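I have placed the structure first, in the form of structure tokens, so that the comments after it can refer back to it.
All of these numbers come straight from a predicted model, not from anything done at the bench. For the numbers below, each heavy atom of this structure counts, side chains included, while hydrogens, waters and symmetry mates do not.
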Amino acid sequence: MYTEASFRFRGNIALLLSPVLHTKSYSGVRGCVQFWFHMKGAHMGGLRVTVDGKRVWQRFGNQGSKWIPAAVPFIPANRFFQVRFFKRVV
């Protein structure tokens, strides 16, 4: 997902939803979301990752001028779950 915040309005939102994913069993299965992010600028806002509405990762503001890798472990609350990336411009 790529969102450009240079010419956006305060409060604009970008949302990326995964398909509904599932595990074959539920007993303490761990998952991991891996992605790269780039957040440079004074009005960067925040980037949040949730699994079924529970925040598992977030960053706010200027993170510098390079792409940064992230690996976010999580334990889904159910066998079926959805990952969401939520970006808001400030």
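Between V33 and F85 there is a side-chain heavy-atom pair separated by less than 4.5 Å. Using a 4.5 Å heavy-atom threshold, the side chains of M39 and R59 count as touching.
Under a hydrophobic clustering in which Ile, Leu, Val, Met, Phe, Trp and Tyr are joined whenever their side-chain heavy atoms come within less than 4.5 Å, directly or via other members, F37 and F60 fall into different clusters.
Taking the six-membered ring for Trp and thresholds of 30 and 60 degrees, H38 and W67 have ring planes inclined between 30 and 60 degrees apart.
Contact detail for Q63 and I68: the closest heavy-atom pair is O-CD1, 3.7 Å.
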In residues 45-58, what donor-acceptor pairs under 3.5 Å come from side-chain atoms, sequence neighbours left out?
from : atom 1 : to  : atom 2 : distance (Å)
D52  : OD1    : Q82 : N      : 3.1

*F81 and T23: side chain to side chain contact (heavy atoms under 4.5 Å, CB included), yes or no, with the steps?*
CA-CA 9 Å; F81 61 94; T23 63; 3.8 Å; yes

*Can you list the steps and then say if I13 with K87 is a side chain to side chain contact (heavy atoms under 4.5 Å, CB included)?*
CA-CA 6 Å; I13 295 171; K87 170 72 179 101; over 6 Å; no

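Here V20 is tied into one hydrophobic group with F80, each link being a pair of ILVMFWY side chains closer than 4.5 Å.
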